[in-house]
Amino acid sequence: MQQGFDPRKFSELAKILMIDGKYEKDARFRTVIGRLYYSVFLLAWKKLQDTGISVEDNEKIHKSVIEAFNDNRLSNIANGLDQLRKKRVDADYHMLASVTLTDCRNYAELSEYITDLIDQIREIR
Amino acid sequence: MSSHTLYDQILSVAQSLNPEASTDDILDGLVTILENEILPEVLQYMELPKFPSYSAILHSESTGRLVKKKFEPTETLRKRRIMIQRIEALKRQLGWDGNNEMRTLAYFSNSSNVAVIPELHVSPAEKRKHYLEKPEMLAPEKIDEPYPKIIPPPKAPYQIILSEAFQKKILSDSMLENVFRDIEVGMRQLIASRNFETDVDVTLQNDFEIPSWEKFVINIIPLTPMSFKEKMNVWTLFDIAIRNKIMDLAKDADEKTKESLRDLNKRLYLHIEL
């Protein structure tokens with residue numbers, strides 16, 4: 001994980017891209033969902049590291065991070081991350097799944113909500 | 001050689017018996033006799049053709065277009081139903097009780113070889129009276145409603161639906177079955193106490209990118225419009241209620257059950273329809 005890059009920039013880009021008519025909308029909306037998920041996921045992972053929770057950096061890193069929040073009584077974050085992940089899987093793999101501008105707005109709101117929850121964490125027991 | 005019809009013969013006999021009556025008078029008299037004496041008897045004992053079922057009509061509708069000649073056209077079947085029902089109504093007015101056994105009318109008595117009609121319970125005068133009365137309006141036939149309308153039971157304000165995969169899972173795991181029973185009770189209590197209008201789907205999902213990652217997903221579906229903040233509150237309340245149930249169960253459980261509950265808690269996710 002690149003410590004120098006601020007994952008929030010993914011979220012900022014997603015919000016700009018969401019309404020940028022220069023790009024084809026279906027590809028744009030799917031990209032937005034992906035960036036929103038990664039923004040929150042990377043912040044969540046960083047928070048675990050900052051609070052001393054180690055997770056294995058391997059092919060199951062997403063599972064490890066999300067489960068770590070469930071396992072530490074922060075299930076509201078785990079729930080949100082998992083829901084965002086599900087939408088991201090739809091956007092990236094399921095071409096028949098619908099990804100609309102409304103979805104982008106709803107998930108942008110959700111990603112902000114989860115980011116706020118993550119930011120509020122000072123320590124994890 | 002001129003042929004005399006039965007009508008001519010009757011008219012001739014009637015004229016010879018009533019020399020002062022005009023032909024019109026005789027014809028009126030014949031019509032009256034037909035209407036009052038003969039037709040009621042004919043109608044009462046008329047054997048009706050088979051009543052076409054609605055399935056016959058539906059069958060006719062579905063096949064008629066393809067095999068027009070083989071099946072009776074739908075419209076004919078409908079008309080026949082109406083006609084049969086009307087004749088049945090007249091027969092009932094004339095004393096028919098709906099029992100077709102009554103149609104065995106003629107028999108030879110022991111005393112003579114003359115065919116006689118068994119005596120009816122309703123006197124001829126009574127029959128005439130009923131026949132001459134204006135028929136009651138027939139109930140409109142509901143041709144387009146072949147079966148009685150089924151009134152659905154009132155919809156529950158919420159439903160908790162378990163996916164097939166989840167049902168199979170709890171059938172093979174008694175611990176999970178017991179835990180989920182408590183979780184379901186907790187959700188119902190929460191929904192009832194807060195008057196939430198939400199459906200809940202419970203599914204078992206494998207992560208698309210990490211297939212070995214099996215998750216229990218409880219999807220909350222608000223049935224009424226809610227703001228994002230309200231949805232987040234509902235989401236949090238469900239999450240607290242469910243996780244607390246799991247923690248309560250773990251309090252007095254043995255180590256093995258505690259471990260299973262911890263694993264369940266890790267793999268349990270609540271989603272909300274945004």
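Per chain, numbering begins at 1; letters A, B, ... match sequence-line order. Computed over heavy atoms, backbone and side chain alike; hydrogens, waters and symmetry mates excluded.
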Heavy-atom distances under 4.5 Å only: say whether A:L81 touches chain B with side chain, backbone, both or neither.
neither
So which atom in B:L268 and which in A:N79 form the shortest heavy-atom distance, rounded to 0.1 Å?
O-OD1, 4.2 Å
Region of B:K215 in contact with chain A, defined by heavy-atom distances below 4.5 Å:
side chain
Counting only heavy atoms closer than 4.5 Å, note whether A:R88 contacts chain B via side chain, backbone, both or neither.
side chain
Return yes if some donor-acceptor pair links the side-chain N/O of A:E109 with the main-chain N/O of B:F228 below 3.5 Å, else return no.
no
When you look at NZ of A:K86, are more than 12 heavy atoms from neighbouring residues, nucleotides or ligands closer to it than 6.0 Å?
no
Search all heavy atoms of A:E59 against all heavy atoms of B:I210 and return the closest pair with its distance.
O-CD1, 4.1 Å
CD1 (B:I161) with more than 12 external heavy atoms under 6.0 Å
yes
Exercise: do B:R267 and A:N70 side chains pair donor with acceptor under 3.5 Å
no
Can you tell me how the ring of B:F208 sits relative to the ring of A:H94, calling it parallel under 30°, perpendicular over 60° and tilted otherwise?
perpendicular
Between B:R262 and A:D71, does at least one N-O distance fall below 4.0 Å, as a salt bridge requires?
yes
Do the side-chain N and O atoms of B:H271 and A:D82 include a donor-acceptor pair separated by under 3.5 angstrom?
yes
